Amino acid sequence: MDTMEHSTRKKVRQHPPALRQQVLAECEQPGASVASVAQSHGLNANMVHAWRRQERVAAAAQDANAATPAPQFIALPLPPSTAGALPDIRIELRRGATTVSIIWPGQAASECGAWLREWLR
């Protein structure tokens, strides 16, 4: 018994790149209609529109790659660090008519805190 296989897949036509470029160039001409250009070459206008979209996407990607330079390391001169030079701690205590002003070096902030805790007991 002979059996016949039926293929449900459609054949996809491959058009030469030269034809594609020619059709796209004709579509870019002033006053050109995509539908008339496609018809003159025996093509479906939807396919020509798809080709045009693909070209725009490819051109945009190429422009984006060309416009964005590769990241590079740039060494910048920095001013000398001032982390070691902390401002002085200034405390002013008032009790009645008496005022006491204390100036403590900022580098010794923990010692200032310990002294203040002891003094306030």
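Every heavy atom of this structure was used, including side-chain atoms; hydrogens, water molecules and symmetry mates were not. Remember, it's a predicted structure, so these values are computed and weren't measured experimentally.
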Exercise. Rounded to the nearest 0.5 Å, what separation is found between the CD atom of Glu55 and the CZ atom of Arg20?
Worked result: 5.5 Å
Exercise. Where do Glu26 and Ala32 come nearest, in terms of heavy atoms and distance?
Worked result: O-CB, 3.2 Å
Seminar exercise, completed: For Arg56, the side-chain contact (heavy atoms from CB on, under 4.5 Å) test, sequence neighbours excluded, returns Arg52, Arg53
Problem set entry | Leu24: hydrophobic cluster co-members (side-chain, 4.5 Å) | Leu19, Val23, Val34, Val37, Leu43, Met47, Val48, Trp51
For this session: Tell me, please, which residues at least two apart from Trp104 pass side-chain contact (heavy atoms from CB on, under 4.5 Å).
Result: Ile89, Ile102, Ala108, Glu111, Cys112, Trp115
For this session: Identify whether the distance between the nearest side-chain nitrogen and carboxylate oxygen of Glu92 and Arg94 falls below 4.0 Å.
Result: yes
Problem set entry | Within one Ile-Leu-Val-Met-Phe-Trp-Tyr cluster: Ile91 and Val100, side-chain cutoff 4.5 Å | yes
Problem set entry | Minimum heavy-atom distance Ala35-Ala45, with the two atoms named | CA-CB, 4.0 Å
Exercise. Quick one: are His41 and His15 in side-chain contact, heavy atoms under 4.5 Å?
Worked result: no
